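Position 1 is the first residue of the sequence; numbering continues from there. These numbers come from a predicted model, not from an experiment. Any value given below was found using the heavy atoms of this structure, including those in side chains, with hydrogens, waters and symmetry copies removed. Both ligands and their constituent atoms are indexed starting at 1 by order of listing.
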Amino acid sequence: METRNCQNCKNDFTIEQEDFNFYEKIKVPPPTWCPQCRQQRRYAWRNERTLYKRNCDLCQKSTITIYSPNKPYKVYCNECWWGDGWDPASYGTDFDFSRPFFEQFRELQLKVPRMALLNKRSVNSEYTNHSGDNRNVYMSFAVFNGENVFYSTWIFDHSRECMDCSFIYSKGERLYEMIDSSTCYRCQFGLFIKDSTDCFYCYDSRGCNNCFMSSNLRGKSYVFRNEQLTREEYMKRIAEYDMSSFETREKLYAEWLDLIKTKAIHRFVVSERSINSVGNLIFDCRNITESFEVNRGENCKYIYSGPDIKDCMDMYHVGMNSELCYEMQGCTRVSNCQFCHLCYDDLNVMYSDTCQNSQNLFGCVSVKKGEYMIFNKKYSKDEYLNLKEKIIEHMKQTGEYGEFFPPQIAPVAYNETQGAVYIPMTKAEVLQKGWTWEDNTPGTFGKETIIDLPDKISEVTESILDEVMKCATCSKNYKIVPDELNFYKKENIPLPHLCPNCRYKKRFNIRAPRKLWSGSCKCDQESHGHEGKCQVVFKTSYSPERTEKVYCEGCYNREVY
Ligand SMILES: [Zn+2]
Ligand SMILES: [Zn+2]
Ligand SMILES: [Zn+2]
Ligand SMILES: [Zn+2]
Ligand SMILES: [Zn+2]
């Protein structure tokens with residue numbers, strides 16, 4: 001184990017022997033930034049949810065894109081980008097050994113057309129990014145095989161009729177404001193809910209139906225504020241609430257937050273069927289360290305969102321069978337790839353941006369089905385291997401090798417990225433680092449046509465679709481779209497008073513941060529056999545100053561099961 005000083009935040013960080021082994025295996029020097037700063041650098045490249053309208057630079061049609069119209073890139077609509085109307089190799093450039101790599105890479109980025117956004121095989125789902133195989137999905141991000149999904153993020157595995165949800169891992173249906181949940185039907189406002197139906201304002205419940213404002217339930221029905229009722233009594237109590245009223249909903253929401261914060265029992269992390277693994281929201285993992293939102297991971301460290309991933313380090317939204325990858329952002333089905341951004345279906349690709357279905361690329365931009373290319377120029381296999389090694393040696397001299405692309409050359413501005421969500425910085429702080437800031441982000445202010453929204457959804461008519469509202473938090477204008485109104489009417493939900501982005505941030509704030517702290521079990525239940533307070537220590541996603549009842553696995557299981 002070695003202690004190093006982070007070149008970004010100047011704090012010390014440690015590199016373990018197992019990390020050195022990994023770096024050795026893929027022949028990269030150890031990192032000079034600490035793990036958190038490395039993730040921030042990857043965040044700075046991911047514009048997941050800031051969408052613009054811009055004309056395609058090939059067909060000239062208006063398209064939805066993650067690049068604001070003032071960005072100095074060529075942007076092609078998805079049809080043109082994937083089409084045969086242009087050749088990425090025509091932008092091929094010789095590498096100049098008298099200059100730094102990233103400087104030349106930036107010049108290539110400015111020349112080669114960029115994909116408007118990542119949205120594949122979808123119908124009526126233009127306003128989606130990092131998404132695929134969807135039908136009628138709107139303003140949603142990282143949604144796959146979804147149908148009628150609106151204003152939601154990270155919705156997987158055939159979910160449908162979901163509105164304002166975050167992290168539905170599989171098969172959600174008719175959900176509203178659900179977080180970190182799976183296989184639920186007709187549920188609203190829930191965190192860690194699994195296999196449940198008709199549950200409202202619950203926390204950590206499984207196999208339940210018809211439960212209300214309750215926590216830590218297993219296989220229960222008709223539980224109201226954690227009290228078991230008869231079906232009749234439950235229905236009677238529920239009927240006392242006018243769920244269609246915004247005023248009622250606001251009170252229930254506050255009570256739900258209080259239930260989570262002060263009454264519910266929290267497991268120190270969510271880790272299911274995992275062996276020898278440390279992280280939060282990890283499922284079916286083996287030998288995973290310091291990772292978050294990982295499914296079926298093996299021998300990995302510093303993973304932030306990765307389904308099916310093996311022998312990888314430092315990944316952000318990468319997976320579905322990826323191996324031996326390092327320092328990547330937004331990549332899928334990639335093997336032995338390092339330092340890449342938005343690359344899909346690739347093998348042996350390094351330092352490349354938006355390259356698809358390719359093998360053996362180095363320093364390429366927007367290559368499709370390419371092989372043995374450097375700076376978009378084609379070479380024979382031997383030429384490629386020689387030149388690649390020479391450039392790597394050059395990059396070692398310049399100190400660039402072994403580091404992810406710097407935020408300075410990110411094609412998107414920091415305030416458009418997930419960096420602004422997970423690690424917010426002011427404009428001054430961003431510019432001081434030499435990173436970029438976008439002043440013309442989407443949205444209007446001061447154009448509202450309606451001030452007082454009707455309290456009950458039953459009082460809302462179709463005319464609301466023509467109105468412009470003002471967000472109660474950020475003052476930005478927002479509108480209601482027809483599918484959204486239908487959903488509210490069908491599910492008896494009052495109109496939201498916040499814009500979609502502030503609704504997203506509210507859910508974001510309820511979720512555990514992607515960080516682990518050392519902590520100890522807060523349980524002092526005498527029946528558990530520990531004298532006084534339980535002494536078990538762990539790595540937890542709850543920071544020490546938080547007041548939730550955070551229990552170790554043993555105490556949690558004794559209380560909940
Ligand atoms: Zn750092
Ligand atoms: Zn086009
Ligand atoms: Zn807002
Ligand atoms: Zn305990
Ligand atoms: Zn205990």
Side-chain angles (χ1 to χ4, degrees), residues 2-15 19 30-44 52-67 69 73-88 112-120 126 216 264-268 290 302 304 314 316 327 354 366 368 402-404 406-407 419 422-423 425 429 432-435 514-516 519-538 540 548-561:
E2 262 183 51
T3 302
R4 304 259 170 126
N5 191 259
C6 170
Q7 295 307 292
N8 186 49
C9 70
K10 310 297 175 197
N11 291 322
D12 283 346
F13 69 102
T14 53
I15 303 177
D19 308 343
T32 63
W33 286 29
C34 74
Q36 290 78 22
C37 289
R38 300 201 301 267
Q39 175 60 9
Q40 185 178 19
R41 187 165 55 184
R42 293 186 294 270
Y43 279 138
Y52 299 89
K53 265 190 186 157
R54 172 177 175 144
N55 288 345
C56 167
D57 285 306
L58 192 62
C59 72
Q60 308 304 327
K61 279 186 210 146
S62 177
T63 189
I64 308 300
T65 170
I66 56 170
Y67 304 106
Y73 305 101
K74 259 185 223 155
V75 175
Y76 283 5
C77 72
N78 278 10
E79 214 169 301
C80 288
W81 193 91
W82 285 101
D84 296 328
W86 70 287
D87 180 11
V112 190
R114 304 191 68 81
M115 193 194 281
L117 41 63
L118 263 169
N119 175 2
K120 286 180 166 181
E126 294 122 294
N216 307 117
I265 295 168
H266 296 245
R267 196 161 37 154
F268 66 110
E290 305 276 335
Y302 306 127
Y304 300 73
D314 283 84
Y316 176 32
E327 279 279 19
T354 324
S366 292
K368 308 172 282 183
E403 304 292 335
F404 188 70
Y422 283 89
I423 307 172
M425 293 201 293
E429 286 166 340
Q432 209 221 332
K433 280 184 168 296
W435 303 358
R514 286 169 172 169
K515 210 172 163 184
L516 297 172
S520 63
C521 180
K522 290 187 183 171
C523 174
D524 56 4
Q525 307 267 347
E526 282 178 11
S527 59
H528 289 183
H530 45 72
E531 267 184 47
K533 197 182 141 295
C534 172
Q535 297 297 314
V536 172
V537 294
F538 39 58
T540 173
E548 287 96 338
K549 284 187 215 164
V550 180
Y551 283 15
C552 72
E553 192 74 27
C555 293
Y556 171 86
N557 284 338
R558 264 178 224 129
E559 284 303 297
V560 173
Y561 287 96

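Of all protein N/O/S atoms, those under 2.8 Å from the Zn ion (ligand 1) are C6 SG, C9 SG, C34 SG, C37 SG, and waters are not counted.
The Zn ion (ligand 5) has no N, O or S atom of C534 closer than 2.8 Å. Here C552 fails the criterion, with no N, O or S atom under 2.8 Å of the Zn ion (ligand 5). With a cut-off of 2.8 Å, the Zn ion (ligand 5) has no N, O or S atom of C521 in range.
A salt bridge links R41 to E403: one of the charged nitrogens lies within less than 4.0 Å of a carboxylate oxygen.
Taking both residues in full, the closest heavy atoms of N5 and D12 are given as ND2-OD1, 3.0 Å, listed atom of the first, atom of the second, then distance. Here the closest heavy-atom approach between residue A116 and residue V75 is recorded as CA-CG1, 3.7 Å. Of all heavy-atom pairs spanning Q7 and K10, the tightest one is O-NZ, 3.1 Å. P113 and S366 get closest at one heavy-atom pair: O-OG, 2.7 Å. Heavy-atom minimum distance, Q525 versus H530: O-CE1, 3.4 Å.
Inter-residue side-chain proximity for D57 and Y73 is flagged as unmet; no heavy-atom pair is nearer than 4.5 Å.
Between Y304 and Y43, the ring planes lie perpendicular to each other; the angle is over 60°, past the 30° to 60° tilted range.
With the Zn ion (ligand 5) as the vertex, ND1 (H528) and SG (C555) define an angle of 110°, rounded to 10°. Angle SG (C56) to the Zn ion (ligand 2) to SG (C80): 110°, rounded to 10°. The angle C59:SG - the Zn ion (ligand 2) - C77:SG amounts to 120°, with values rounded to 10 degrees.
Between the side chains of R114 and Y67, at least one donor-acceptor pair of N or O atoms lies under 3.5 Å.
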